[in-house]
Amino acid sequence: MDERFFFHALKVNEDICIGCSHCMNACPTEAIRIWNGKANIDDNLCVDCGECERVCPVKAIYVEDNSFDDIYKFKYRVALIPSVFVGQFPENIKASQVYSVMHQIGFTHVYELERAVGVLNDAILEYQDKEGNELPIISSFCPAIVRLVQVKYPSLVDNILKLVTPSDFAAAFYKKKLIDEGIPEEDIGLFYITPCAAKIAAIKSPVGAKKSLVDGVINLNKLFNKVYREIKNGNTNSSIIPEPTVTHAYKLRWSLTHGEASRVKGRTIAVDGIANVMEFLEIIENEEVSGIDYLECRACKEGCAGGILNKENRFLVVERLKKRIERNSEKKRKIISSGIAKYKSYLEKEMKVGEIEPRSMMMLDTDMHTAMLKMEESERIQHRLPGIDCGACGAPTCRALSEDIVKGDATLSHCVFVQKVLMKKGEINMDTAFSIIDKIWGEKIVRGTIIKRKK
Amino acid sequence: MQLNYSIEGGDFTNAGNASSQVKKILKKLNVDPKITRRVVVALYEAEVNVAAHAYRGEIIVDINTERIRVVLKDEGPGIESIENAMTEGFSTASAEVRQMGFGAGMGLPNINKNADELNIKSDVGVGTELEIITKLK
C-alpha cells in the first residue's frame, strides 16, 4: 500500500523534546522509542490516544490541527462544536453567549453536533435488532478505541459498530441542509472543534469510511482562548441572534461516560480510560464473559470531557454539562428542532461504515516461522536483561528492547547494564560505550549537560 | 516451540493466565486473529475446567506453522461420561462454582466448537487429558 494507513495528529517537536522518556512509559501501545535524544512515535502502533501529551514535561508533543484562518477560505463557515466545548466556560456564561461570540469571531453557522445524536441513537437501536451481529457491539464513537482494536485486538474488529459518529452525522446533515438552502457546495466550509487528537486523525484518514466531509479541524483549547477573551472583554454583540442550543439531556450527555451505554438496548457496559479499556478488551477477546450486548469504550476518563485539548478539568466540565441539563429541565425549555429529523433516511443511507480492517501490529515478523525464531531469540535476550525496565536504552521495557533487538532496531549494548559488563570484560571501551549512549540520548543533550556542570 | 504452564484446582483467579500468555505469543507470531481467538477461547475454557474440577493440572502448548496443539493433563476425579460432558447444559459443578458464574455446562461443548480436533482421555479417579488441535492451514 502506497498511502500511509494511519494519519497521526500527535507529533513530536524535536526542537523542544529532551528525550526524557516520560511519553515512552505512558504509551499504552509501546509505540514510542527514544532515539538520538528525541521521542519517536511509530506510526503503525500509535492510536492517537494522547497519553504521551499528558505526561510530557516540556510540551514537546503537539497536535497537528488547522490554523483558525483556514476558515476564511470559505464563504460559509460552519463550526461543529461538541458540548464539552460549552462546558469549558464558567457557569455564568450561557451556551447562547458562546454561540454568539463564535459568530463574531468569524463563523457564519454554529451547530452543536450533539443535536445529531438522536438520529444516531435510532440508527444504533435498529442496528442492534439486525441478525448476525458479533456481540458485544463495540461503540465506534471514540476513534482512539477503533484504532486500538485494529492494532491490538484485531479479532474484535467485526464487533465494532458500523455506524459513523455524531460529528459525521452532524457534518453530513449540515452540509446537505445548506446545499438545500441554495448554497453552492464549494462555498461551505465545515470545521470540527476537537477535544482530542484521535478525532483529528479520524477526520484526516477515516477508518472504513469515505473521505470525511469535514474541511478542517480546530483545536478546542485554542478556540476556547479566543472566545473567552472576547467574552472577558465584554465584546458580546447582542444583535447577533444565535442558533438554538441543545436541550435534550441524553444528547448533551452522549460524549460522557455512560452517555451512550445508557441509551442502547440490552446489557451494556461503559469503560473509560485507555488502560481500563485494554483490560476489558482482553476479557472480551478471551470470551471470559458472555451476555454483554453493547460496550461503550472511551480512551479518556470521563469521556470527551477528559480529552487532551480540554482547557478545563474534566470533572468540572462534567459538572457544568449536568448543570446545563438541570437548567434546561427547570425552565422547561421548548425543544427547537434543528431540522435533522427530515434528513433521517438520507443520513442513514450515507453514514454506514465499510469494512474495518484488522491492522495487527504486534507481530515480530510476517512469516510465522521467522517470527518463532525471533521470539525464541528475544526470550533468550530478555532473560539476560536486568528486568527493571529502567528505559535507559530508549525502549519502555526490557522485553521491548529484546524484541527491538531481534527486529534489528536496537542492539544488546543499548542496555546500560550490559554495557557495564562489557566494559569490565574489556569487550568495549569507554569511547564505544559513550557513543552508544550518545546515540540514545543525543549528543547535544549529553554535551549540554556537561557544559552546564562546568559553569 | 513449546510452552508449559501449570494450574491449581480451585484457583479461578489464575485460571486464564495461560490463555492470556498464549494470546500474546500468537499475536507476535502473526497468527490470524480469528484463529488466535479460537485457540484462546478453547484454552481459557479448559483452564477453568481444571480449576473447577481437578486438583492440579499442567498445560503444554506446542506451536508449529501447521497447527497449534494444546494438551491439558490434570489429576482429578476424571469424567464419568464423556458423552454427557459433551452435551450443552450438562454440568457436575458444585453450587459454589455456579455462583461464581461458571458451571453452565458449556465448557467442553465450547472447547469442541473452537477446536478443529478435540481428543479426551479420562480415567475416573485419576484424571483427564484433553488434546485441543487448531489447524493453521
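All values reported here derive from a predicted model rather than from experimental measurement. Reminder, nothing fancy here: chain letters follow the sequence lines and each chain counts from 1.
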Query raised in the report: Considering only heavy atoms, which portion of A:N286 lies under 4.5 Å from any heavy atom of chain B: side chain, backbone, both, or neither?
Result: both
Query raised in the report: Among A:K152, A:E403, A:H369, A:E285, which residue forms the greatest number of heavy-atom pairs with chain B at distances under 4.5 Å?
Result: A:E285
**Report entry** Distance, nearest 0.5 Å, that separates CG of B:D32 from OG of A:S155
**Finding:** 9.5 Å
Query raised in the report: For B:I63, is it the side chain, the backbone, both or neither that has a heavy atom under 4.5 Å from a heavy atom of chain A?
Result: both
Query raised in the report: Among B:K23, B:K24, B:K27, whose side chain to side chain contact (heavy atoms under 4.5 Å, CB included) with A:M362 holds?
Result: B:K27
Query raised in the report: Is it the side chain or the backbone of A:K374 that comes within 4.5 Å of chain B heavy atoms, both, or neither?
Result: neither
Query raised in the report: Measuring heavy-atom distances to chain B, does A:M372 have an atom under 4.5 Å in its side chain, in its backbone, in both, or in neither?
Result: both
Query raised in the report: Between A:V289, A:V157, A:T370, A:L156, which has the largest tally of heavy atom pairs under 4.5 Å with chain B?
Result: A:L156
**Report entry** Worked verdict on B:E45 versus A:E287 for side-chain contact (heavy atoms from CB on, under 4.5 Å)
**Finding:** CA-CA 9 Å; B:E45 203 73 67; A:E287 293 187 14; over 6 Å; no
**Report entry** Structural part of A:E376 lying under 4.5 Å from a heavy atom of chain B
**Finding:** side chain
Query raised in the report: From A:L364 CG over to B:L29 CG, what is the distance, rounded to the nearest 0.5 angstrom?
Result: 7.0 Å
Report summary line: If one checks every heavy atom of B:L136 against chain A at 4.5 Å, the contacting part turns out to be side chain
**Report entry** CA sep, side-chain torsions, deciding dist, call: A:E288, B:Y44, side-chain contact (heavy atoms from CB on, under 4.5 Å)
**Finding:** CA-CA 8 Å; A:E288 289 179 37; B:Y44 175 71; 3.1 Å; yes
**Report entry** Part of B:T65 within contact of chain A (heavy atom distance under 4.5 Å)
**Finding:** both
Query raised in the report: Roughly how far, to the nearest 0.5 Å, is the CE atom of A:M375 from the CG atom of B:L26?
Result: 8.0 Å
